[in-house]
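Chain A is the first sequence line, chain B the second, and so forth, proteins listed ahead of strands; every chain is numbered from 1. Values in this document were obtained by computation on a predicted structure and should not be read as measured data.
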2 protein chains.
Amino acid sequence: MNIGLLLFIPSRAVENRILTAVVEAGFEITQAQARVLMRVGPDGTRLTELAEAAQVTKQTAGFLVDQLEKAGYVERVPDPSDGRARLVRVTDKAQEAVPVANAEMARIEAEWEQHIGKRRMAQLREALDMLGEITDPYR
Amino acid sequence: MNIGLLLFIPSRAVENRILTAVVEAGFEITQAQARVLMRVGPDGTRLTELAEAAQVTKQTAGFLVDQLEKAGYVERVPDPSDGRARLVRVTDKAQEAVPVANAEMARIEAEWEQHIGKRRMAQLREALDMLGEITDPYR
DNA sequence: TTGTTCTAGTCAGATTCTCTGATTAAAGTA
DNA sequence: TACTTTAATCAGAGAATCTGACTAGAACAA
């Protein structure tokens with residue numbers, strides 16, 4: 001079985017489970033919105049950077065940030081260092097979803113570790129982290 | 001960094017590269033179509049199965065198969081064992097894309113192995129394969 | 001200083017992907 | 001036969017994504 005599909009399946013599983021957990025906790029958010037939201041840094045991130053990180057066009061990122069803003073999960077503030085730019089920042093409301101997502105992530109990792117063992121889990125993480133160096137356009 | 005994102009990044013990279021290679025070889029196909037096409041078995045697969053495998057609704061799978069059929073990459077034939085069902089089958093035209101995809105996949109694997117080493121690559125594959133057992137809804 | 005070029009973001013419009021709900025036809029079952 | 005389930009499709013809508021064109025501010029070179 002090809003390694004692309006092999007990577008895709010658990011990746012999709014994580015996405016689905018975390019999104020489900022967050023939505024069930026009362027946060028109305030979609031997968032696409034979450035993918036952008038996840039990339040907003042602690043001091044705010046420019047739209048262009050978000051677009052690159054999420055691997056979508058600026059237009060798409062803008063569209064998703066619009067929705068996140070309407071829903072109150074992010075806010076746009078002027079970038080003091082550049083009059084053209086604005087920083088997208090996570091609001092307190094969105095911060096409240098973080099522990100929910102983290103808890104589900106921890107549950108998933110525990111299940112996986114249970115299934116494949118601590119050693120393999122560590123190896124997996126190491127290999128993926130290194131692959132990120134050559135496959136993450138944001139890194 | 002969370003393992004979902006860690007999985008997502010190289011998975012997306014593989015998808016993008018293979019799709020690009022196939023499209024550049026003259027096959028007009030989209031990512032969503034490819035995800036369905038990839039799951040069609042050698043003797044044909046029912047729409048419902050494809051939908052499950054690709055984790056989309058039957059309607060979505062049907063929509064994508066319609067497009068693949070129009071483009072000549074698959075055909076629908078009656079299922080001899082069930083009058084309600086039809087089997088989606090890959091055509092010769094689509095078969096021609098297989099070596100292109102395989103070649104690109106081999107290139108990617110070679111690059112990755114170069115970067116993380118043979119041992120880690122084998123460990124990665126083993127861990128992912130096992131994770132598939134608990135995360136692949138189709139398996 | 002003044003053009004020219006580049007960059008950040010938005011607007012407009014279209015396409016693609018995906019879903020929910022209802023429907024048809026064939027199987028399976030009591 | 002009548003009821004239930006299953007495979008697939010139809011209809012309609014919403015979400016996500018793209019390409020191309022535009023505006024305003026920044027950077028830079030002459």
Side-chain angles (χ1 to χ4, degrees), chain A residues 8 12 15-16 19-20 23 27-41 43-71 73-89 137-138, chain B residues 8 12 15-16 19-20 23 27-41 43-71 73-89 137-138:
Chain A
F8 178 72
R12 167 69 70 104
E15 273 193 356
N16 286 158
L19 186 68
T20 302
V23 168
F27 299 90
E28 288 205 9
I29 190 171
T30 67
Q31 193 62 261
Q33 287 164 20
R35 281 206 272 258
V36 168
L37 185 57
M38 201 166 51
R39 298 290 203 158
V40 178
D43 303 317
T45 306
R46 290 190 192 174
L47 189 67
T48 303
E49 279 183 87
L50 287 178
E52 267 175 36
Q55 296 187 62
V56 294
T57 58
K58 284 188 295 179
Q59 290 87 331
T60 300
F63 173 78
L64 294 167
V65 168
D66 281 348
Q67 296 178 309
L68 286 167
E69 195 172 25
K70 255 178 228 155
Y73 296 127
V74 302
E75 55 186 359
R76 284 191 244 226
V77 298
D79 183 338
S81 71
D82 189 332
R84 293 165 303 178
R86 294 200 279 167
L87 292 173
V88 175
R89 276 207 312 226
Y138 193 54
Chain B
F8 178 73
R12 165 68 71 103
E15 273 193 354
N16 286 159
L19 186 68
T20 302
V23 168
F27 299 90
E28 287 205 8
I29 189 172
T30 67
Q31 193 62 261
Q33 288 164 20
R35 281 206 272 256
V36 168
L37 184 58
M38 203 166 51
R39 298 289 200 160
V40 179
D43 304 317
T45 305
R46 289 189 193 174
L47 189 68
T48 303
E49 279 182 86
L50 286 179
E52 268 175 35
Q55 297 187 62
V56 294
T57 59
K58 284 190 292 180
Q59 290 88 329
T60 300
F63 173 79
L64 294 168
V65 168
D66 282 348
Q67 294 178 310
L68 287 167
E69 196 172 26
K70 255 178 228 154
Y73 296 126
V74 301
E75 55 187 358
R76 283 190 245 226
V77 299
D79 184 340
S81 72
D82 189 330
R84 294 165 302 179
R86 295 201 278 167
L87 291 174
V88 176
R89 275 207 312 226
Y138 192 52

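In this structure, the separation between CG on Leu19(A) and CD on Gln31(A) is 5.0 Å, given to the nearest 0.5 Å. Distance CG/Leu47(A) to CZ/Arg76(A): 6.5 Å, rounded to 0.5 Å. Atom CE of residue Met38(A) and atom CG of residue Leu50(A) lie 11.0 Å apart, to the nearest 0.5 angstrom. To the nearest 0.5 Å, atom OH of residue Tyr73(B) and atom CD1 of residue Ile29(B) are 6.0 Å apart.
Salt bridge annotation for Lys58(B)-Glu52(B): absent, with no cationic side-chain nitrogen under 4.0 angstrom from a carboxylate oxygen. Between Arg35(B) and Glu15(B), at least one side-chain nitrogen of the basic residue sits less than 4.0 Å from a carboxylate oxygen of the acidic one, meeting the salt-bridge criterion.
In terms of position along DNA chain D, the nucleotide closest to Gly62(B) lies nearer the 5' end than the nucleotide closest to the other residue of the pair Gly62(B) and Ala32(A). For the pair Gln59(A) and Ala85(A), both in contact range of DNA chain C, the more 5′-proximal nearest nucleotide belongs to Ala85(A).
Note: CG (Asp79(A)) to P (dA8(C)) measures 10 Å, nearest angstrom. dT15(C) atom P lies 15 Å from atom CD of Glu28(B), rounded to whole Å. Residue Lys58(A) contributes atom NZ, which lies 17 Å from atom P of dA12(C) at whole-angstrom precision. Leu50(A) places its CG atom 16 Å from the C1' atom of dT7(C), with the value rounded to the nearest Å. Per the geometry, CZ belonging to Phe63(B) stands 12 Å off P belonging to dC19(C), to the nearest Å. We find that CZ of Arg35(B) is positioned 16 Å from P of dT16(C), with the value rounded to whole Å. Note: CD (Glu52(A)) to P (dG9(C)) measures 11 Å, nearest angstrom.
Listed pair Thr48(A) / dG9(C) meets the phosphate criterion, a side-chain N or O lying under 4.0 Å from OP1 or OP2.
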Report all interatomic pairs (protein N or O, nucleotide N or O of nucleotides 25-30 of chain C) with separations under 3.5 Å.
residue : atom : partner  : partner atom : Å
dA27(C) : OP1  : Gly83(B) : N            : 2.6

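Side chain of Gln67(B), nearest nucleotide from dC17(C), dT18(C), dT10(C): dC17(C).
One N or O on the side chain of Thr45(A) and one on the backbone of Gly41(A) form a donor-acceptor pair closer than 3.5 Å. No donor-acceptor pair under 3.5 Å is formed between the side chain of Thr60(A) and the backbone N or O of Val56(A).
A 4.0 Å heavy-atom criterion places the boundary nucleotides of DNA chain D facing chain A at dA16(D) to dA26(D), written 5' to 3'.
Two residues are said to be in side-chain contact when any heavy atoms from C-beta on lie closer than 4.5 Å; Arg46(B) and Glu49(B) meet this criterion.
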